[in-house]
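All values derive from a computational prediction rather than experimental measurement. Naming convention: chains lettered A, B, ... in sequence-line order (proteins, then strands); numbering from 1 in each chain. Atoms considered below: every heavy atom in the structure, side chains included; atoms not considered: hydrogens, waters and symmetry mates.
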Number of protein chains: 2
Amino acid sequence: MSVFAHHTHDFAANPDAALQAADAHFQKTGVRFTPLRRRVFEIILRAGKPIGAYDILERLRDHGKIAAPISVYRVLDFLIEQRFVHRLATINAYMACVTPEDPHAAQFLICQCCGSVTEISDPIIDKAIAEGAKTAHFQVSYPLVEIMGVCADCVREGKTPASGCAPDHDD
Amino acid sequence: MSVFAHHTHDFAANPDAALQAADAHFQKTGVRFTPLRRRVFEIILRAGKPIGAYDILERLRDHGKIAAPISVYRVLDFLIEQRFVHRLATINAYMACVTPEDPHAAQFLICQCCGSVTEISDPIIDKAIAEGAKTAHFQVSYPLVEIMGVCADCVREGKTPASGCAPDHDD
DNA sequence: GTAAGGTCGCTACACTATAACAAAATCGCC
DNA sequence: GGCGATTTTGTTATAGTGTAGCGACCTTAC
């Protein structure tokens, strides 16, 4: 039992299902899901963790595709706009949204030790931000929450960010 | 009456007072507030809004100081560690903390139209994030909240991010 | 078929940040 | 004051991230 239990699919863990869902979605909406866009989305999905724009570029090239950075960024803009991909500003990386069909504000738990990122969707955080912004008469378009720290696994191993994320010695 | 009313000083609006407070703080703690560090902090304060590292560099040079980017970044790291400056990851810019003496989690309201940034410190948001992270057994070191949207002033002028932040036409 | 709009390729470039090593300033100690 | 250790800054070079501008191509609508 976890906080993520309400997610019906974890697309990040199931690239094929996510791709099929995307195919269906774009078929339905009429928005063009071109081979390049599909390929980039697939690369992000299969990465299984946040991936940089230039890493995506490299993997495109591995598959014989000659591409320039701008091509990748254009596709990323598209996928972000379509809410299939999130951008992580603090680490300049991109990851697949776990529940693209369900519009939601997301929060990200970024482990400074192992680099893993967990997407959560906590309505309490979301509501708190909405209220805070409303008090300041600020009209929110996109609330970005990136929580830096140490994930449960790394905490268990005694790692800390201060020690460069090696197990902490008390010397 | 605003949400910021509890701030005893708004240092961003009063560079001289902020500099004096910084002098006193570093005098007291024994941490070295060198001329370069003081100069960079002053530049950030006088900017009155978020400023990029290379803009800081340029202003250093305006004052006859020859400096390389790395010098600025080193000072920024120092000022951030000392909690006198915040880094805004979404816009790659730096701004003075409004209440450096009072350790707090901050949230930022970033206007996509006029570029203004307002720092708030909403304990409800902070608590919600702390709780959410706790549920995921995640040990927080730094919660980053950058809320993109349109500030009160720009909303009043009918601006929207969709329209490239020009007043919105209903055509 | 043709015009219009969207997508992609291509070249070049701007912006953001760091590495590695040397020189200089500062601090603690005698 | 002199000396070594530490911290800060300078210097040069380079890595990493993101865009501009323009033309070709492809798709769609008429």
Side-chain angles (χ1 to χ4, degrees), chain A residues 22 26-27 29-44 47 50-61 63-82 84-95 112 115 144 146 148 164, chain B residues 22 26-27 29-44 47 50-61 63-82 84-95 112 115 144 146 148 164:
Chain A
F26 289 116
Q27 182 78 31
T29 61
V31 175
R32 284 161 66 179
F33 196 42
T34 64
L36 181 63
R37 289 170 175 175
R38 195 175 193 278
R39 191 80 196 83
V40 169
F41 186 45
E42 185 178 6
I43 288 171
I44 295 170
I51 182 175
Y54 278 72
D55 288 332
I56 293 171
L57 182 60
E58 203 171 308
R59 297 195 192 184
L60 272 178
R61 285 174 173 158
H63 292 265
K65 187 106 182 106
I66 298 152
I70 184 73
S71 292
V72 173
Y73 283 106
R74 281 193 287 229
V75 172
L76 285 172
D77 286 344
F78 169 81
L79 292 172
I80 290 168
E81 185 152 352
Q82 295 293 322
F84 278 76
V85 166
H86 294 290
R87 171 174 151 77
L88 296 164
T90 46
I91 57 175
N92 293 318
Y94 305 83
M95 70 182 293
Q112 294 170 303
L144 182 143
E146 299 183 12
M148 311 302 290
Chain B
F26 288 118
Q27 181 78 31
T29 60
V31 175
R32 282 160 66 180
F33 196 43
T34 64
L36 180 64
R37 288 170 175 174
R38 194 174 193 279
R39 191 80 196 84
V40 169
F41 186 46
E42 185 178 6
I43 288 170
I44 295 171
I51 182 174
Y54 279 73
D55 288 332
I56 294 171
L57 182 60
E58 203 171 307
R59 297 193 192 185
L60 272 178
R61 286 174 172 159
H63 291 266
K65 188 107 180 106
I66 297 153
I70 184 75
S71 292
V72 173
Y73 283 105
R74 281 194 286 229
V75 171
L76 285 171
D77 286 345
F78 168 82
L79 291 171
I80 290 168
E81 185 152 351
Q82 295 292 324
F84 277 76
V85 165
H86 294 290
R87 170 176 150 78
L88 296 164
T90 45
I91 57 176
N92 294 317
Y94 304 83
M95 70 183 292
Q112 293 170 305
L144 182 142
E146 298 183 11
M148 311 302 289

request  = Could you please spell out the steps behind the salt bridge (charged side-chain N to carboxylate O under 4.0 Å, His left out) verdict for Arg61(A) and Glu58(A)?
outcome  = CA-CA 5 Å; Arg61(A) 285 174 173 158; Glu58(A) 203 171 308; over 6 Å; no
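Proximity of the aromatic rings of Phe84(A) and Phe33(A) is defined here by a centroid distance below 6.0 angstrom, and this criterion is not met.
In this model, the phosphate group of dC8(C) is not approached by any side-chain N or O of Lys65(A) to a distance below 4.0 Å at OP1 or OP2. In terms of phosphate contacts, Asn92(B) brings no side-chain nitrogen or oxygen within less than 4.0 Å of OP1 or OP2 of dC15(C).
Here chain A contacts DNA chain D (any atom closer than 4.0 Å to a heavy atom, that is under 4.0 Å), and the contacts span dT17(D) to dT27(D) from 5' to 3'.
Rounded to an integer number of Å, the gap from CD1 of Ile70(B) to C1' of dT18(C) is 5 Å. What separates CD1 of Ile66(B) from P of dA23(C) is a distance of 18 Å, to the nearest Å. Put simply, CG on Leu57(A) is 11 Å from P on dG9(C), counting in whole angstrom units. At whole-Å resolution of the value, OH in Tyr54(B) and P in dT18(C) are 10 Å apart. Here the P atom of nucleotide dC8(C) and the CZ atom of Phe33(A) are 11 Å apart, to the nearest Å. Between the CD atom of Glu58(B) and the C1' atom of dC15(C) there is a distance of 13 Å, given to the nearest Å. What separates OH of Tyr73(A) from P of dC8(C) is a distance of 17 Å, to the nearest Å.
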Determine all donor-acceptor pairs shorter than 3.5 Å in which one atom belongs to a side chain in residues 87-95 of chain B; sequence neighbours excluded.
residue  : atom : partner   : partner atom : Å
Arg87(B) : NH1  : Tyr94(B)  : OH           : 3.1
Thr90(B) : OG1  : Glu146(B) : OE1          : 2.3

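Residue-level contact check: Tyr94(B) touches the backbone only, with heavy atoms under 4.0 Å from sugar-phosphate atoms and none from bases.
Judged purely by atom type and a 3.5 angstrom limit, Arg37(B) uses its side chain to pair as donor or acceptor with the backbone of Arg32(B).
Closest approach of Arg59(A) and His63(A) over heavy atoms only: O-CD2, 3.0 Å. Ala67(B) approaches Leu57(B) most closely through the heavy-atom pair O-CD1, 3.3 Å. When all heavy atoms are compared, the tightest approach of Ile43(A) to Ile51(A) is CG2-CD1, 4.0 Å.
Atoms CG and NE2, from Leu144(A) and His86(A) in turn, are 10.5 Å apart once rounded to the nearest 0.5 Å.
The side-chain contact (heavy atoms from CB on, under 4.5 Å) test with Leu60(A) singles out one residue from Asp55(A), Ile66(A), Leu36(A), and that residue is Leu36(A).
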What protein N or O atoms touch nucleotides 4-7 of chain C N or O atoms at under 3.5 angstrom, if any, and at what distances?
residue : atom : partner  : partner atom : Å
dT7(C)  : OP1  : Arg37(A) : NH1          : 3.2
dT7(C)  : OP1  : Arg37(A) : NH2          : 3.3
dT7(C)  : O5'  : Arg37(A) : NH2          : 3.3

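For the pair Pro35(B) and Pro69(B), nearest-nucleotide mapping onto DNA chain D gives the more 5' position to Pro35(B).
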